[in-house]
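To keep things clear, I will list the structure first and then write my remarks on it.
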Amino acid sequence: MIQRVQSIYLFLASFFYFMYWFFGYSWYEKGFSFLKEKLFNNSDLIHILLDVTTLIPLIIAIISLIAIFFFKNRSFQIKLTNLSFYLSVFMLIYSVFYFSIVLFYLINLIDSTVIEILLYASILNPFICCYLLYVAIKKMKHDDDLINSINRLR
């Protein structure tokens with residue numbers, strides 16, 4: 001069934017990560033330029049890190065969206081959701097590190113209160129998405145256990 005509650009959780013996580021990627025890219029680049037100058041002295045490794053970490057929220061959004069449509073193959077759906085959960089945990093740790101260094105620099109660049117609120121919301125986004133993906137995995141495993149208990153011989 002595509003209307004299960006875990007599909008809603010996966011869709012919300014996918015939506016939040018897509019918004020995180022779509023609207024936050026320009027601010028992410030501004031903060032990354034600050035990081036490049038202050039900490040890494042313009043190394044080539046930092047450009048690779050920028051490219052990889054820029055695409056991870058989009059990859060999580062796509063994987064979560066694809067996992068919704070594998071509702072008939074629960075084991076594969078659980079594996080896809082686990083992959084997006086582990087990537088989301090990586091993004092959570094990376095975001096904490098990134099914003100702990102760059103937050104005050106970005107706040108000084110912002111001239112609008114609304115954008116400042118959105119910046120704070122982007123800090124909370126990986127936490128919320130990790131929780132949504134965790135609950136989706138729990139619900140999928142519960143459904144899988146329920147189906148497997150019905151299929152047993154008594």
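This one's a predicted model, so the numbers in the text were calculated from it and none came from an experiment. Computed over heavy atoms, backbone and side chain alike; hydrogens, waters and symmetry mates excluded.
Ring geometry for Tyr94 versus Phe97: interplanar angle of 30 to 60°, hence tilted. Aromatic ring pairs are classed by plane angle as parallel below 30°, tilted from 30° to 60° and perpendicular above 60°; the pair Tyr20 and Tyr17 is perpendicular. Relative orientation of the Phe70 and Phe76 rings is perpendicular, given thresholds of 30° and 60° on the angle between their planes.
Of the possible donor and acceptor atoms, none in the side chain of Ser95 sits under 3.5 Å from a partner among the backbone N and O of Leu92. A distance-only check finds no donor-acceptor pair linking the side chain of Asp144 to the backbone of Met140 [under 3.5 Å].
What you find for Gln6 and Ala136 is that their closest heavy atoms are CB-O, 3.8 Å. Summarising the geometry of Cys129 relative to Ala13, their closest heavy-atom pair is SG-O, 3.9 Å, with the distance given to 0.1 Å.
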Test side-chain contact (heavy atoms from CB on, under 4.5 Å) applied to Lys141 and Ile137, step by step: CA-CA 6 Å; Lys141 287 183 180 178; Ile137 291 169; 3.8 Å; yes

Worked verdict on Ser122 versus Phe99 for side-chain contact (heavy atoms from CB on, under 4.5 Å): CA-CA 10 Å; Ser122 70; Phe99 282 116; 3.6 Å; yes

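With sequence neighbours left out, Ser75 forms a side chain to side chain donor-acceptor pair (under 3.5 Å) with Asn73.
The line from OG of Ser88 to CG of Leu83 is 11.0 Å long, rounded to the nearest 0.5 Å. Rounding to the nearest 0.5 Å places CG of Leu58 at 10.0 Å from CD1 of Ile63. Within the model, atoms SG of Cys130 and CD1 of Ile60 stand 7.5 Å from one another, a figure rounded to the nearest 0.5 Å. Expressed to the nearest 0.5 Å, how far CG of Asp145 lies from CZ of Arg74 amounts to 9.5 Å. For the atom pair CG of Leu80 and CG of Leu133, the computed distance is 11.5 Å after rounding to the nearest 0.5 Å.
Looking at Leu10 and Gln77, their side chains come closer than 4.5 Å, going by heavy atoms from C-beta outward. Within the 4.5 Å cutoff, side-chain heavy atoms of Phe16 are placed close to those of Leu132. With a 4.5 Å cut-off on side-chain heavy atoms, Thr54 and Trp21 count as touching.
Between the side chains of Thr81 and Tyr9, no donor-acceptor pair is found at a separation under 3.5 Å.
For Phe18, the CZ atom sits in a packed shell: over 12 heavy atoms of surrounding residues, nucleotides or ligands are nearer than 6.0 Å.
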